[in-house]
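What follows is a set of notes on a single structure, which appears directly below.
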Amino acid sequence: MPTISREELFWKKKEFISFVLSILVFFIHSYFVTDQIDGSLVSVINQKTAFFFCKSITQFAVPTFFMLSGVTFFKNYSNKKYAEKIKSRVFTLIIPYLLWNSIWMLYEILCSYSFLSNFTDNTAPFQLTLLNVLKGIFFYGCNNPFWFIFDLIIYSLAAPVIFLIIRNKYIGIVSIVALSVLSFFGIQLPPAVFYLSTSIIFYMTGALMGYHYFDFILKKPKKSTQIFSLIFLIAYIVAKNAVPADLQYDNPLTEIITFTLCAFSFWNISDAFIEKIKPRAIYSRSFAIYAMHLGLSGIVWKILGICLPKKEWVLIPQFFLKVIITVIIINLICLFLEKFLPKVYNVLMGNRIRRKQ
């Protein structure tokens, strides 16, 4: 394999890690059992498996996405580049956000008044009012995972304010710490607007790293750092699964610290294998998976439920089949659009390629 520069490796890592994170987000939305256990061995195994894959190893995925977004936006940033950056985000964020919200809203309307309702989880039909249409298009009313894109759009538009805070690294660090401490006392962004009230802290952490420490991000971590990172991730996952819920101390501040360390750890350990990973088209599908997984997986789950026995022991294989089949379908849709409707594909996916800006 030819030698590649550290910056090229950064974009390769970002693409692969984004793909892995998109699968973890898929897992978050795929919890397949109730929290009640009837005492049987199968029920216990199902509950433990669902918790492991959907509520433990996945929890740092979205914070890591926010940090990566902050890094790439504020890499080489200046207020003179603001207009250029926003113009780029119109194509990578705003247009896909509006289009996918509209697509899933139209799908929900169609399902509400046709036989397709048998393949969705919606219990009530879509009420075709102006307010619901506006919520569906502009406030992800029918496409809940896109709250993340909504937040990114807001933070991108607010870049001059964020830059004012993080331009001096010491003021930036103090501000991030202060916001984290305030979150402990319940002082956060309004949850009515921001789905994850602490998301600004992860985004600002990434922004600070991208603006002041991008050269550090490019460096290959030491073996000792990689080993420590691996140990930390394993310890976090073990503790999350082994420690009883009533003994776990969760609050916004501890989550911010834990998820930030998880994000850095995951980034560090990927250096141990990233150079050996061969480029594959599927790794560039993270946005496609993010945009399509919820609606498509609901259909796949219903079809599998019809085809497979209605037994508790089937739930785990049904869960994995749902994820695998849905990702395959998404990849096939992308391949079709790339080949026959490349302009449509570029618009829907925000023309996502390895970006060096």
Side-chain angles (χ1 to χ4, degrees), residues 14 17-18 21-22 24-25 28 58-79 81-82 85-86 88-90 92-94 96-97 138-140 143-214 217 250-267 286-287 290 350:
K14 181 182 180 297
I17 286 175
S18 294
L21 294 177
S22 69
L24 294 182
V25 170
I28 292 173
T58 59
Q59 297 308 293
F60 65 91
V62 174
T64 306
F65 263 133
F66 274 114
M67 292 173 68
L68 285 174
S69 298
V71 168
T72 54
F73 191 96
F74 283 89
K75 170 184 173 289
N76 297 328
Y77 180 85
S78 70
N79 283 332
K81 293 184 178 181
Y82 176 69
K85 291 276 188 179
I86 292 301
S88 170
R89 268 54 185 183
V90 167
T92 60
L93 291 178
I94 297 176
Y97 173 80
F138 295 102
F139 295 99
Y140 54 88
N143 190 23
N144 188 255
F146 264 36
W147 68 263
F148 169 76
I149 306 298
F150 176 85
D151 285 10
L152 283 188
I153 292 171
I154 298 299
Y155 297 152
S156 298
L157 294 174
V161 177
I162 295 173
F163 185 57
L164 184 66
I165 297 171
I166 61 99
R167 185 171 188 172
N168 181 294
K169 62 182 177 182
Y170 300 110
I171 294 176
I173 293 171
V174 170
S175 298
I176 291 169
V177 171
L179 288 172
S180 300
V181 173
L182 287 173
S183 71
F184 179 80
F185 298 100
I187 303 173
Q188 303 170 323
L189 293 177
V193 179
F194 297 92
Y195 190 91
L196 180 63
S197 297
T198 55
S199 60
I200 184 61
I201 299 171
F202 299 114
Y203 186 83
M204 285 179 61
T205 300
L208 185 80
M209 294 296 297
Y211 186 71
H212 290 289
Y213 299 102
F214 189 72
I217 295 174
D250 289 329
N251 63 68
L253 181 57
T254 58
E255 287 186 348
I256 290 166
I257 295 171
T258 303
F259 295 157
T260 300
L261 290 174
C262 284
F264 279 107
S265 297
F266 188 54
W267 180 265
S286 57
F287 185 84
Y290 190 72

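Hydrogens, waters and symmetry mates are skipped; everything else that's a heavy atom, side chains included, is used.
- The heavy-atom pair separating A263 from T64 by the smallest distance is CB-OG1, 3.3 Å.
- The distance from the OG1 atom of T72 to the CE atom of M67 is 12.0 Å, given to the nearest 0.5 Å.
- Looking only at side-chain heavy atoms (C-beta outward), N143 and F150 stay at 4.5 Å or farther from each other.
- When side chains are defined from C-beta on, F65 counts as touching V25, because their heavy atoms get closer than 4.5 Å.
- Closest heavy-atom contact between I256 and S183: CD1-OG, 3.4 Å.
- At a threshold of 4.5 Å between non-hydrogen side-chain atoms, the residues T198 and Q188 count as touching.
- At least one donor-acceptor pair under 3.5 Å links the side chain of S197 to the backbone N or O of L189.
- Side-chain atoms of S156 and I86, non-hydrogen and from C-beta on, do get closer than 4.5 Å to each other.
- Contact record, K85 with K75: NZ-O, 3.7 Å, taken as the closest heavy-atom pair.
- Between the T258 side chain and the E255 main chain, no donor and acceptor come within less than 3.5 Å of each other.
- Heavy-atom contacts from other residues, nucleotides or ligands closer than 6.0 Å to OH of Y213 number more than 12.
- With values rounded to the nearest 0.5 angstrom, I149 atom CD1 is found 11.5 Å from Y140 atom OH.
- Once rounded to the nearest 0.5 Å, the distance linking CD1 of I217 with CH2 of W267 reads 7.0 Å.
- You'll find the side chain of I28 stays beyond 4.5 Å of the side chain of L24, heavy atoms only.
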ring-ring contact (aromatic ring centres under 6.0 Å, His included) assessment of F214 paired with Y77: CA-CA 11 Å; F214 189 72; Y77 180 85; over 10 Å; no

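- No side-chain heavy atom of L208 sits less than 4.5 Å from a side-chain heavy atom of F74.
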Test side chain to side chain contact (heavy atoms under 4.5 Å, CB included) applied to W147 and V193, step by step: CA-CA 9 Å; W147 68 263; V193 179; over 6 Å; no

Steps toward side-chain hydrogen bond (donor to acceptor under 3.5 Å, both in side chains) verdict (Y155, S199): CA-CA 10 Å; Y155 297 152; S199 60; 2.6 Å; yes

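- Looking only at side-chain heavy atoms (C-beta outward), F185 and N251 stay at 4.5 Å or farther from each other.
- For the pair F194 and D151, the tightest heavy-atom approach, listed with the atom from each and the gap, is CD2-OD1, 3.4 Å.
- For Y290 and F146, the gap between ring centers is short of 6.0 Å.
- Between atom CG of residue L93 and atom CD1 of residue I154 there is a gap of 11.0 Å, rounded to the nearest 0.5 Å.
- Taking the six-membered ring for Trp, F202 and F60 have ring centres at least 6.0 Å apart.
- Proximity of S18 to L68: side-chain heavy atoms (C-beta onward) are separated by under 4.5 Å at one or more points.
- Shown are Y203, F148, Y195; of these, the ring pair (Phe, Tyr, Trp, His ring centres under 6.0 Å) with F66 is made only by F148.
- Of the inter-residue distances, the one linking L261 atom CG with F266 atom CZ reads 15.0 Å to the nearest 0.5 angstrom.
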Side-chain polar contacts of residues 160-179 - donor-acceptor pairs under 3.5 angstrom, sequence neighbours left out - could you list them?
{"unit_1": "N168", "atom_1": "OD1", "unit_2": "Y170", "atom_2": "N", "d": "2.9"}
{"unit_1": "N168", "atom_1": "OD1", "unit_2": "I171", "atom_2": "N", "d": "3.1"}
{"unit_1": "S175", "atom_1": "OG", "unit_2": "I171", "atom_2": "O", "d": "2.7"}

